[in-house]
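Read through the structure below, which is laid out as structure tokens, and then see the notes.
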Amino acid sequence: MEVYIIGFCLFTVVFLAVVKLYQVSIKRAFISNVKLHGKTAIITGANTGLGFWTALDLAKRGARVILACRNLQKAEEARKKILDEVDVGGDVVVRHLDLSSMRSVRQFARETYEQESRLDILINNAAVSGLPAVITEESLEFTYATNYVGPFHLTNLLLDLLKKSVPSRIVNLTSVMNILAHVDCDDIQAKKGFHPYDAYKNSKLMNILFTKELARRLEGTGVASCCVHPGVAATDIFRCLWGSSILTAFLGLFFKTAKDGAQTTVYAAVSEEMRDAKGEYLSDSQVYDRTRWINKEAYDEGLCKKLWETTEAILASIDSDSH
């Protein structure tokens with residue numbers, strides 16, 4: 001038994017070392033002098049991790065950055081850190097947004113239209129993982145609501161402002177874990193059987209299906225859209241998914257930092273190459289479509305359309321119940 005344990009530990013160390021070497025070999029920092037003065041960006045979940053580093057980058061480029069966060073205290077702390085890093089006159093705003101609540105999503109959208117004359121970049125970054133099944137007061141499962149239904153609703157509510165500000169962009173964050181997922185449009189909230197791991201990976205595939213269908217519906221409008229896998233980055237997502245901060249800290253030695261992980265999001269949001277994006281899947285600051293890193297279900301146009309229509313029906317039901 002001891003021999004097997006030692007062998008397993010050695011294999012794990014070698015495997016992680018290979019992962020680290022791979023991360024180093026494909027590390028692609030996005031270096032660009034693109035400025036965003038006069039542009040407005042919304043980033044969900046921008047108080048920590050990937051969202052924070054994305055917000056910092058866009059603020060340094062001169063954008064007006066709206067941190068859309070559930071925890072206002074942490075968001076204010078992030079805002080202060082960002083402003084400390086911005087040379088002159090940074091414009092960073094904090095607004096409350098709870099993506100698990102469609103009421104909160106609608107309120108955030110109303111405030112955006114009231115207070116903003118334009119929206120150039122929408123980055124749906126926020127996500128949760130590793131949580132047990134929790135049903136919200138709107139009868140939505142919390143993980144699916146936060147990771148998919150909320151961003152879907154937010155994006156559609158803000159489309160008119162994005163169209164008014166063309167050329168504009170929508171960036172949806174996903175995960176390589178999508179390759180292990182499956183979407184059942186007859187049970188998109190896993191009412192037949194819930195598992196935290198399945199909820200996360202399935203919601204990440206839904207993000208891709210949503211992006212693909214969104215791109216088809218936005219064709220010719222001047223609004224670009226794409227989805228981003230940030231790479232395996234040491235963020236709070238993994239701490240929640242694995243339930244151990246110690247394990248996450250150890251594995252973090254072999255993974256990307258959150259700052260490095262944010263590079264592809266920034267690339268998607270500001271690079272000239274992605275100005276006319278039409279639903280591409282990105283990682284390492286390049287297009288990874290039609291590779292082993294994306295689920296084949298992503299190319300099922302019928303499934304993309306059915307998921308969209310199913311989600312619209314869920315939101316219509318919530319809206320009718322609220323009146």
Side-chain angles (χ1 to χ4, degrees), residues 40-55 57-58 63 65-70 75 95-102 104-106 108-109 112 116 119-129 140 142-163 165 168-175 177-178 200-215 217-218 223-230 233 235-237 258 261-262 264-270 274 277-283 298 304 307-308 311 315:
T40 298
I42 291 175
I43 306 170
T44 66
N47 60 293
T48 188
L50 301 170
F52 170 82
W53 288 104
T54 302
D57 186 287
L58 300 193
V65 179
I66 300 170
L67 312 182
C69 303
R70 185 171 53 197
R95 291 205 187 123
H96 180 261
L97 173 62
D98 180 354
L99 287 166
S100 73
S101 166
M102 300 310 106
S104 176
V105 171
R106 290 192 296 271
F108 179 87
T112 300
E116 306 300 328
L119 176 57
D120 303 89
I121 303 168
L122 171 61
I123 301 176
N124 289 309
N125 166 82
V128 296
S129 67
L140 292 172
F142 184 84
T143 295
Y144 285 99
T146 302
N147 292 6
Y148 167 65
V149 182
F152 176 98
H153 197 26
L154 177 66
T155 301
N156 279 284
L157 289 174
L158 294 177
L159 275 182
D160 286 345
L161 194 54
L162 285 157
K163 290 176 181 178
S165 311
S168 53
R169 308 186 191 195
I170 300 165
V171 181
N172 296 323
L173 264 72
T174 182
S175 167
M177 291 172 68
N178 81 85
Y200 179 71
K201 62 186 177 70
N202 290 347
S203 69
K204 294 292 99 180
L205 176 54
M206 290 176 190
N207 294 148
I208 299 175
L209 299 176
F210 164 48
T211 305
K212 297 287 187 185
E213 181 64 18
L214 178 66
R217 291 171 182 248
L218 289 176
V223 182
S225 66
C226 64
C227 50
V228 167
H229 165 50
T235 67
D236 287 346
I237 279 288
T264 304
T265 306
V266 175
Y267 172 78
V270 308
M274 300 311 298
K278 295 179 175 63
E280 290 88 346
Y281 174 87
L282 311 179
S283 189
C304 294
L307 177 63
W308 184 289
T311 310
L315 290 168

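Just the heavy atoms: all of them, side chains too, but no hydrogens, waters or symmetry mates, feed the values below.
- For the residue pair I121 and A269, the shortest heavy atom distance occurs at CD1-O, 3.7 Å.
- By the 4.5 Å heavy-atom criterion applied to side chains, R95 and L67 are not counted as neighbours.
- The side-chain contact (heavy atoms from CB on, under 4.5 Å) check on N125 picks up I43, T44, L50, I123, L173, with sequence neighbours excluded.
- Interatomic distance, NZ of K212 versus CG of N207, reported as 13.0 Å (0.5 Å rounding).
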List the steps and the verdict of side chain to side chain contact (heavy atoms under 4.5 Å, CB included) for L161 and T112.
-> CA-CA 9 Å; L161 194 54; T112 300; 3.8 Å; yes
Given the rule in the side chain to side chain contact (heavy atoms under 4.5 Å, CB included) test, do L315 and M102 qualify, once you have shown the distances and angles that lead to the verdict?
-> CA-CA 8 Å; L315 290 168; M102 300 310 106; 3.7 Å; yes
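- Side chain to side chain, S104 and D98 fail the donor-acceptor criterion of an N or O pair below 3.5 Å.
- Residues K201 and M177 come closest through the heavy atom pair CB-O, 3.5 Å.
- Summarising the geometry of F142 relative to R70, their closest heavy-atom pair is CZ-NH1, 2.9 Å, with the distance given to 0.1 Å.
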Walk me through it: do I42 and F108 pass the test side chain to side chain contact (heavy atoms under 4.5 Å, CB included)?
-> CA-CA 11 Å; I42 291 175; F108 179 87; 3.9 Å; yes
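- With rounding to the nearest 0.5 angstrom, the CH2 atom of W308 is 5.0 Å from the CG atom of L214.
- The distance from the CD1 atom of I170 to the OG atom of S225 is 6.0 Å, given to the nearest 0.5 Å.
- A heavy-atom distance below 4.5 Å is not found between the side chains of H229 and L282.
- A pairwise comparison of heavy atoms in L97 and A68 identifies CD2-CB, 3.7 Å as the closest pair.
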Would K278 and L218 satisfy side chain to side chain contact (heavy atoms under 4.5 Å, CB included), going step by step from the backbone distance to the final call?
-> CA-CA 8 Å; K278 295 179 175 63; L218 289 176; over 6 Å; no
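- Contact check for F52 versus N47: no side-chain heavy atoms found under the 4.5 Å cut-off.
- The structure places OG of S175 at 10.5 Å from CG of L205, a figure rounded to the nearest 0.5 Å.
- Under the 3.5 Å distance criterion, with hydrogens and angles disregarded, no donor-acceptor pair is assigned to the side chains of D120 and S165.
- Annotation for C227 and G279: closest pair SG-O, 4.5 Å, computed over non-hydrogen atoms.
- The shortest side-chain heavy-atom distance between F210 and C304 does not fall under the 4.5 Å cut-off.
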Donor-acceptor pairs are to be reported for all side-chain atoms of residues 149-160 against protein atoms at under 3.5 Å, with residues two or more places apart or in another chain.
unit_1, atom_1, unit_2, atom_2, d
T155, OG1, N124, ND2, 2.9
T155, OG1, P151, O, 2.8
N156, ND2, F152, O, 2.8

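- Contact check for N178 versus N202: no side-chain heavy atoms found under the 4.5 Å cut-off.
- Taking CG of L140 as the start and OG1 of T146 as the end, the distance is 9.5 Å to the nearest 0.5 Å.
- Of all non-hydrogen atoms in T174 and P230, the two that sit nearest each other are O-CD, 3.6 Å.
- Atoms SG and OH, on C226 and Y267 in that order, are 9.0 Å from each other to the nearest 0.5 Å.
- Judged purely by distance below 3.5 Å, without hydrogens or angles, the side chains of T311 and Y148 pair a donor atom with an acceptor atom.
- K204 is linked by a salt bridge (Lys or Arg N to Asp or Glu O under 4.0 Å) to nothing, counting only residues two or more places apart in sequence or in another chain.
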